[in-house]
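Whatever order the structure lists them in is the order used to number ligands and atoms, beginning at 1.
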Amino acid sequence: MDIKSMTLEEVKPLVEELGEKSFRAAQLYQWLHEKLAESYEEMLNLPIDFRRRLGELKPLVKLRTVQVQESAQDGTRKYLFELPDGNLVESVWMKYHHGNSICISSQVGCRMGCRFCASTLDGLERNLLPSEMLEQIYCIVRHTGERVSNIVVMGTGEPLDNYEHLLRFIRLITVRGGLNISQRNITVSTCGLVPQIKRLAQEKLQITLALSLHAPFDEKRRELMPIANRYSLTEVIEACRYYAEQTGRRVTFEYALVAGVNDSKEDAAALERLLKPLNCHVNLIPVNPIKEREYRQSARTHIEAFKKHLEKNKINVTIRREMGRDIDGACGQLRRRHIKN
Ligand code: SAH
């Protein structure tokens with residue numbers, strides 16, 4: 001495993017193998033994860049010979065910033081990064097009143113096939129390494145010079161389809177001696193891989209689980225999301241209930257409103273019945289149209305009515321503020337356009 005994907009405990013034996021005292025491990029770790037060094041040369045309090053041998057043995061995983069787009073509307077920035085093997089991933093930086101939030105990708109492409117999503121159109125290329133997830137954040141922090149308080153794993157990819165690396169990433173980003181981000185400020189979004197949701201529940205982390213629901217009927221959900229052929233709504237909701245029970249965390253349900261597809265009164269009523277027994281939060285997202293598909297946004301009045309129905313029935317609901325619409329905000333759009341060109 002590359003050094004930036006390793007925990008401090010794992011770095012220690014490596015440092016000793018190279019004939020250095022174990023306190024060097026903490027120094028090295030701090031350079032990588034707190035000071036966000038980009039090269040061994042910068043690590044001036046480490047012996048020069050040690051740095052040279054690290055360089056030979058453990059080349060650092062680095063991302064190259066290909067493009068940064070800044071929204072004129074809300075200051076949201078979208079980053080396109082090139083991975084060491086030439087693949088591209090995108091990440092988003094958003095400024096909110098409560099702090100800065102970064103949305104990262106967990107895979108190159110995706111194999112889940114959701115119909116409205118641009119990230120999945122060419123399938124899955126590969127999983128991202130923990131270091132490649134971290135570096136998206138590190139590059140943005142270096143570039144903006146600002147602290148980050150929230151991380152959402154909602155970019156390209158299905159994070160629970162890259163489970164081991166995701167967990168390692170979460171451990172590394174939340175640990176003292178790194179960016180030390182609170183687990184409560186991390187959200188992982190999934191299309192609903194039931195066994196992995198249950199496994200995640202048992203890790204007893206304090207992260208927020210966001211479930212991409214998008215329809216309150218199995219049949220409709222299958223039309224939008226192939227994963228629904230594998231797991232029924234009953235199974236997915238049960239897994240979310242279990243997650244909430246094990247962790248004490250309120251689950252978020254994401255619901256992208258698509259005109260004429262899932263935005264009717266019946267849909268709102270069915271959604272309300274489905275979620276009533278849960279301590280949850282619903283995030284309504286006006287679908288972001290992609291040119292490869294016909295899906296269109298529901299009218300604003302429709303969206304408001306949908307929200308009202310849930311509110312009336314005591315379900316916590318918000319409409320997601322659309323940020324960065326002028327800069328290809330939706331998953332995978334920037335990367336696709338860049339590859340096409
Ligand atoms: N694979 C994970 C995380 C990545 S997608 C998941 O499915 O949750 C992040 C969120 O964006 C999901 O809720 C997804 O359904 C939603 N999404 C994807 N494309 C979208 C689009 N064009 N408009 C609105 N939401 C979209």
Side-chain angles (χ1 to χ4, degrees), residues 78 89-92 94 101-125 127-128 133 136 151-163 165-166 169 186-194 196-197 200 207-215 220-228 230-231 236 239-240 243 251-259 261-263 271 280-298 303 306 318-325 327-337:
K78 188 133 192 180
V89 291
E90 47 189 280
S91 323
V92 186
M94 291 157 286
S101 184
I102 295 178
C103 172
I104 64 157
S105 295
S106 57
Q107 297 180 313
V108 181
C110 182
R111 57 181 181 145
M112 296 299 136
C114 298
R115 299 283 299 157
F116 43 82
C117 179
S119 291
T120 200
L121 291 167
D122 296 316
L124 175 69
E125 182 66 33
N127 282 330
L128 291 188
M133 294 187 234
Q136 295 171 54
I151 306 290
V152 292
V153 189
M154 262 188 209
T156 294
E158 168 50 48
L160 298 188
D161 191 33
N162 185 13
Y163 191 91
H165 288 174
L166 173 79
F169 159 77
I186 297 180
T187 299
V188 170
S189 177
T190 178
C191 64
L193 305 184
V194 168
Q196 285 93 323
I197 293 174
L200 189 66
I207 61 173
T208 300
L209 180 72
L211 193 284
S212 301
L213 195 60
H214 304 324
K220 255 187 205 183
R221 193 161 186 265
R222 280 186 219 120
E223 278 167 28
L224 293 170
M225 307 173 71
I227 193 65
R230 189 88 157 267
Y231 306 108
V236 176
C240 292
Y243 184 89
V251 174
T252 296
F253 289 93
E254 290 159 282
Y255 196 102
L257 285 160
V258 188
V261 174
N262 63 1
D263 63 345
L271 182 64
C280 68
H281 175 92
V282 177
N283 203 204
L284 298 175
I285 313 166
V287 77
N288 203 335
I290 58 172
K291 68 171 187 311
E292 290 82 358
R293 299 278 187 260
E294 299 292 276
Y295 298 120
R296 283 177 305 105
Q297 273 188 7
S298 309
I303 298 178
F306 202 96
T318 46
I319 298 174
R320 181 175 298 169
R321 250 174 80 202
E322 290 180 86
M323 297 177 79
R325 267 299 289 278
I327 53 164
D328 295 330
C331 301
Q333 291 192 148
L334 174 61
R335 171 171 173 263
R336 268 187 82 71
R337 212 194 46 209

If we number the atoms of ligand 1 from 1 as shown, the ones under 4.0 Å from a heavy atom of His214 are 13 (O), 14 (C), 15 (O)
Near Arg230 CZ, under 6.0 Å, is it more than 12 heavy atoms from other residues, nucleotides or ligands? no
Gly155: numbered ligand 1 atoms lying under 4.0 Å from its heavy atoms: 4 (C)
Any heavy atom of Met225 sitting closer than 4.0 Å to ligand 1? no
Which of the atoms of ligand 1 are close to Gly157, meaning less than 4.0 Å from one of its heavy atoms? 1 (N), 2 (C), 3 (C), 4 (C)
Interatomic spacing from CZ in Arg222 to CD1 in Ile227 - rounded to 0.5 Å: 12.5 Å
Could you pull out, from Ser212, Ala210, Ala256, the option with a heavy atom nearest to atom 6 (C) of ligand 1? Ser212
Results of side chain to side chain contact (heavy atoms under 4.5 Å, CB included) for Glu292 - residues two or more places apart only: Leu121, Ile290, Arg336, Lys340
Nearest 0.5 Å, please: how far is NZ in Lys78 from CE in Met94? 9.5 Å
In Leu271, Ile285, Val287, the residue satisfying side chain to side chain contact (heavy atoms under 4.5 Å, CB included) with Tyr255 is Leu271
Report, in ascending order of atom number, the atoms of ligand 1 lying under 4.0 Å from any heavy atom of Cys191. 6 (C), 7 (O), 8 (O)
Short N or O distance, Phe116 and ligand 1, threshold 3.5 Å exclusive: yes
With atom 24 (C) of ligand 1 as the reference point, say which of Thr120, Asn283, Ile290, Asn288 has the nearest heavy atom. Asn288
So the atoms of ligand 1 within less than 4.0 Å of a heavy atom of Met154 turn out to be 4 (C), 5 (S), 9 (C)
In ligand 1, which numbered atoms sit nearer than 4.0 Å to a non-hydrogen atom of Cys117? 18 (C), 19 (N)
According to ring pair (Phe, Tyr, Trp, His ring centres under 6.0 Å), who are the partners of Phe253, at least two apart in sequence or on a separate chain? none
Working to the nearest 0.5 angstrom, can you tell me the gap between Leu224 CG and Arg115 CZ? 9.0 Å
Using a 4.0 Å heavy-atom cut-off, say whether Thr190 meets ligand 1 through its side chain, its backbone, both or neither. backbone
Contact region, Glu158 to ligand 1, non-hydrogen atoms below 4.0 Å, reads both
For the OG atom of Ser91 and the CE atom of Met133, what is their distance to the nearest 0.5 Å? 11.5 Å
